[in-house]
**Student:** 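Before I ask anything, let me first share the structure, which is written out below as structure tokens.
Both counts, for ligands and for their atoms, begin at 1 and track the order of listing.
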Amino acid sequence: MSVESGSADRLFITGGTLVSGEGRMLADVLCEAGRITAILAPGHADALGVTAGQVIDATGRYVIPGGVDVHTHMEVPFGDTTSSDTFTTGTIAAAWGGTTTIVDFSCQRKGEDLRDSLETWHAKAAGHCAIDYGFHQIIGDVDETSLAAMRHLVDHEGITSFKLFMAYPDVYYSDDGQILRAMQTAGDLGAMVMMHAENGIAIDVLIAQSLARGDTAPRFHSLTRPSILEGEATHRAIALAKVAGNVPLYIVHMSASEALAEVAEARHDGFNVFAETCPQYLYLSLEEHLSQPGFEGAKWVASPPLRSHHEHHHRDLWRGLKLNELAVVSTDHCPFCLRDQKEAGLNDFSAIPNGIGGVEHRMELMYQGVVDGHISLERWVETCCTTPAKLFGLYPTKGTLSVGSDADIVIWDPVGRTRIGIDHKHHMNMDYSAYEGMDLSGRVETVISRGQIIIDNDQFLGRVGHGHYLPRTLSNYLY
Ligand code: DUC
Ligand code: ZN
Ligand code: ZN
């Protein structure tokens with residue numbers, strides 16, 4: 001690929017293969033003032049009088065919409081610590097990996113007003129992001145006040161999705177009655193409910209028993225969060241969403257076959273149920289990662305946990321992605337350093353902050369899924385760019401290469417390679433990589449955000465503060 005410079009406000013991408021969820025075609029893309037203004041059959045630019053500003057020759061490359069990662073946690077408090085990427089470091093890392101939009105979470109603590117938590121998250125992000133960002137709202141305290149505030153957030157703040165927890169008693173946990181009430185309110189508003197579906201009450205019993213036995217190493221994190229309890233919670237969440245009137249429900253960070261089966265059945269029966277998985281649940285396992293000797297396994301403590309590769313979860317999740325039982329791939333990027341952060345749980349796995357960092361690598365890891373034959377090229381774009389934008393009220397501004405859309409574009413080199421690791425490609429603020437040593441097919445070559453080139457051939461050319469807040473609309477794709 002070569003870039004010729006010209007007017008910064010006008011960008012012409014020629015000779016590439018445009019890929020969408022529906023197919024691929026050879027076409028040229030004209031971007032002006034941050035938007036896509038024309039998509040032209042190759043060779044038609046001259047006839048139509050298109051005079052280029054800056055020209056990018058994308059011959060032999062895929063041209064895809066910028067990645068949309070609808071599940072990240074920058075600067076999120078967890079126990080006594082805070083996730084290690086700021087909105088600045090995390091959004092720069094995302095850009096390096098071809099993601100041009102994130103949706104993070106504003107978190108309501110018990111007793112806090114939803115609006116105050118949102119203000120706190122705006123203060124963390126505003127002016128600090130390299131790419132565009134939005135927020136979902138976590139409701140940690142379902143009561144009359146927060147139910148009323150949900151309407152305010154939808155009507156005035158561009159927040160159209162709300163996350164609830166069936167895990168973490170005493171922190172973010174909601175009981176079934178609270179969940180039902182929040183779902184009824186979301187249903188009235190036309191908003192989406194996102195669910196962390198693990199049975200936290202039962203899990204806490206298993207954790208206490210494990211620690212009492214002296215089973216304190218990181219791998220017991222997975223053994224005390226059995227997949228059947230993810231399946232049970234998913235079943236219950238779906239049942240409650242049905243009782244609330246077929247309210248749109250989105251199961252986050254799915255890791256388990258049992259949970260997938262529940263979603264597949266509900267979707268088959270026509271209910272408005274969606275789910276995402278994350279690369280860690282497709283590539284990493286209890287045996288190879290969480291069970292590494294000593295304290296190493298702490299690097300991969302996240303909830304839900306990595307699953308056993310003997311139990312077919314990985315295979316089933318790949319199949320679910322292919323069949324649209326799983327709609328989206330996000331990262332649940334929630335990074336903590338091993339030193340001083342994960343080490344809080346040296347003698348007690350339950351004190352290890354939960355989370356894996358991966359915002360930089362989602363597009364790369366999922367492209368490997370194309371090369372390995374798990375999903376098609378089109379499905380890669382659909383699950384990583386288009387559907388997340390559709391489900392969360394960002395489409396068609398984001399997630400598509402269409403006239404009028406934001407010029408968020410990735411130029412992808414299908415024959416290049418990407419080596420992930422702390423001494424290779426690694427821009428997240430973490431002292432290790434969860435994907436250390438992986439050598440992947442394909443490479444992010446150029447990343448464009450609203451018409452500005454922010455990554456080009458291993459150089460960051462973006463600007464902190466370029467990223468705008470994205471107020472989101474209610475989605476038209478939930479019913
Ligand atoms: N759930 C998340 O969505 N992210 C990090 C930890 C968790 O439990
Ligand atoms: Zn969660
Ligand atoms: Zn999360």
Side-chain angles (χ1 to χ4, degrees), residues 68-85 87 90 94 99 102-109 117 121 133-140 161-174 179 182 192-201 203-204 207 218 221-222 224-225 227 229-230 233-234 237 249-256 259 274-281 284 290 298-307 328-337 341-342 344-345 349-359 362 388 392 428 430 434:
V68 179
D69 188 345
V70 290
H71 192 152
T72 67
H73 301 279
M74 311 301 173
E75 297 178 46
V76 68
F78 197 104
D80 294 332
T81 191
T82 301
S83 63
S84 56
D85 266 317
F87 278 87
T99 286
I102 59 165
V103 186
D104 208 274
F105 291 81
S106 155
C107 304
Q108 179 208 26
R109 291 174 313 221
S117 67
W121 256 263
Y133 63 95
F135 292 121
H136 313 282
Q137 178 67 48
I138 285 175
I139 310 182
S161 42
F162 297 91
K163 183 179 175 192
L164 300 169
F165 285 76
M166 302 169 101
Y168 302 126
D170 303 325
V171 190
Y172 290 126
Y173 175 82
S174 293
I179 290 170
M192 176 87 102
V193 172
M194 307 169 77
M195 189 63 75
H196 180 130
E198 287 186 293
N199 183 330
I201 301 286
I203 285 168
D204 270 9
I207 291 173
H221 174 74
S222 182
T224 54
R225 305 181 90 90
S227 57
L229 293 182
E230 188 178 336
T234 303
L249 173 67
Y250 179 93
I251 306 292
V252 294
H253 48 46
M254 183 175 284
S255 74
F274 308 90
E276 66 175 17
T277 191
C278 314
Q280 56 269 34
Y281 302 121
L284 309 178
L290 204 50
K299 293 174 177 173
W300 294 281
V301 165
S303 293
L306 301 188
R307 301 296 180 191
V328 168
V329 178
S330 70
T331 57
D332 194 10
H333 176 75
C334 193
F336 298 98
C337 290
Q341 292 201 291
K342 294 272 186 185
F349 68 85
S350 71
I352 300 170
N354 284 202
I356 288 179
V359 74
R362 182 183 62 125
F392 291 102
M428 299 170 288
M430 300 167 67

**Student:** Any non-hydrogen side-chain atom of Phe392 less than 4.5 Å from a side-chain atom of Met194?
**Tutor:**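 Of all side-chain heavy-atom pairs linking Met194 with Phe392, at least one is under 4.5 Å.
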**Student:** Which residue holds the protein heavy atom closest to atom 3 (O) of ligand 1, what is that atom called, and what is the gap in Å?
**Tutor:**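 Here the closest protein heavy atom is Lys163 NZ, 2.6 Å.
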**Student:** Going by the atom numbers of ligand 1, which of them fall below 4.0 Å from some non-hydrogen atom of Ser303?
**Tutor:**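 Result: 1 (N), 7 (C), 8 (O).
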**Student:** Looking only at protein heavy atoms, which one is nearest to atom 4 (N) of ligand 1, and how far off is it?
**Tutor:**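 Closest protein heavy atom to atom 4 (N) of ligand 1: Asp332 OD1, 2.8 Å.
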**Student:** Considering only the protein, which heavy-atom contact is closest to atom 6 (C) of ligand 1, and what is its distance?
**Tutor:**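 Of every protein heavy atom, Tyr168 OH, 3.7 Å lies nearest to atom 6 (C) of ligand 1.
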**Student:** Around the Zn ion (ligand 3), how many protein N/O/S atoms fall inside 2.8 Å?
**Tutor:**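 Atoms of protein N, O or S type lying less than 2.8 Å from the Zn ion (ligand 3) total 3.
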**Student:** Determine yes or no for a side-chain-to-main-chain donor-acceptor pair under 3.5 angstrom, with Gln280 supplying the side chain and Thr331 the backbone.
**Tutor:**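 Answer holds: yes.
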**Student:** A cation-pi test, strictly: NZ or CZ of Arg109 under 6.0 Å from the centre of the six-membered ring of Tyr168 and no more than 45 degrees from its axis. Yes or no?
**Tutor:**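 No, a cation-pi geometry is absent between Arg109 and Tyr168.
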**Student:** Check ligand 1 against His253 and write out every atom of the ligand that is under 4.0 Å from a heavy-atom position of the residue.
**Tutor:**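 That gives atoms 1 (N), 2 (C), 3 (O) of ligand 1.
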**Student:** For the side chain of Thr277 and the backbone of Met254, is there at least one donor-acceptor N/O pair under 3.5 Å apart?
**Tutor:**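 Present.
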**Student:** Donor-acceptor pair, His333 side chain versus Gly358 backbone, under 3.5 Å?
**Tutor:**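 Checking the backbone N and O of Gly358 against the side chain of His333, a donor-acceptor pair under 3.5 Å is found.
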**Student:** Could you tell me which atoms of ligand 1, counted from 1 in the order shown, lie closer than 4.0 angstrom to a heavy atom of His196?
**Tutor:**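 Numbered from 1, ligand 1 contributes 1 (N), 7 (C), 8 (O).
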**Student:** Could you tell me if Asn354 and Ser303 have a donor-acceptor pair between their side chains, going purely by distance under 3.5 Å?
**Tutor:**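 On atom types as modelled, these side chains qualify, holding a pair under 3.5 Å.
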**Student:** In a table with atom names and distances, give each donor-acceptor pair under 3.5 Å that connects a side chain of residues 72-81 to protein atoms at least two apart or in another chain.
**Tutor:**
unit_1: Thr72; atom_1: OG1; unit_2: Asp104; atom_2: OD2; d: 2.7
unit_1: His73; atom_1: NE2; unit_2: His71; atom_2: NE2; d: 3.1
unit_1: His73; atom_1: NE2; unit_2: Asp332; atom_2: OD1; d: 3.1
unit_1: Glu75; atom_1: OE2; unit_2: Phe87; atom_2: N; d: 2.9
unit_1: Thr81; atom_1: OG1; unit_2: Gln341; atom_2: NE2; d: 2.7

**Student:** Taking the side chain as everything from C-beta on, heavy atoms only, tell me whether Lys342 gets closer than 4.5 Å to Lys299.
**Tutor:**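 No, their side chains stay 4.5 Å or more apart.
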**Student:** With side chains defined as the heavy atoms from C-beta onward, is the minimum distance between Glu198 and Leu229 less than 4.5 Å?
**Tutor:**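 With C-beta onward as the side chain, the pair stays apart.
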**Student:** Near His71, which atoms of ligand 1 are under 4.0 Å from a heavy atom of that residue?
**Tutor:**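 The atoms of ligand 1 under 4.0 Å from a heavy atom of His71 are 2 (C), 3 (O).
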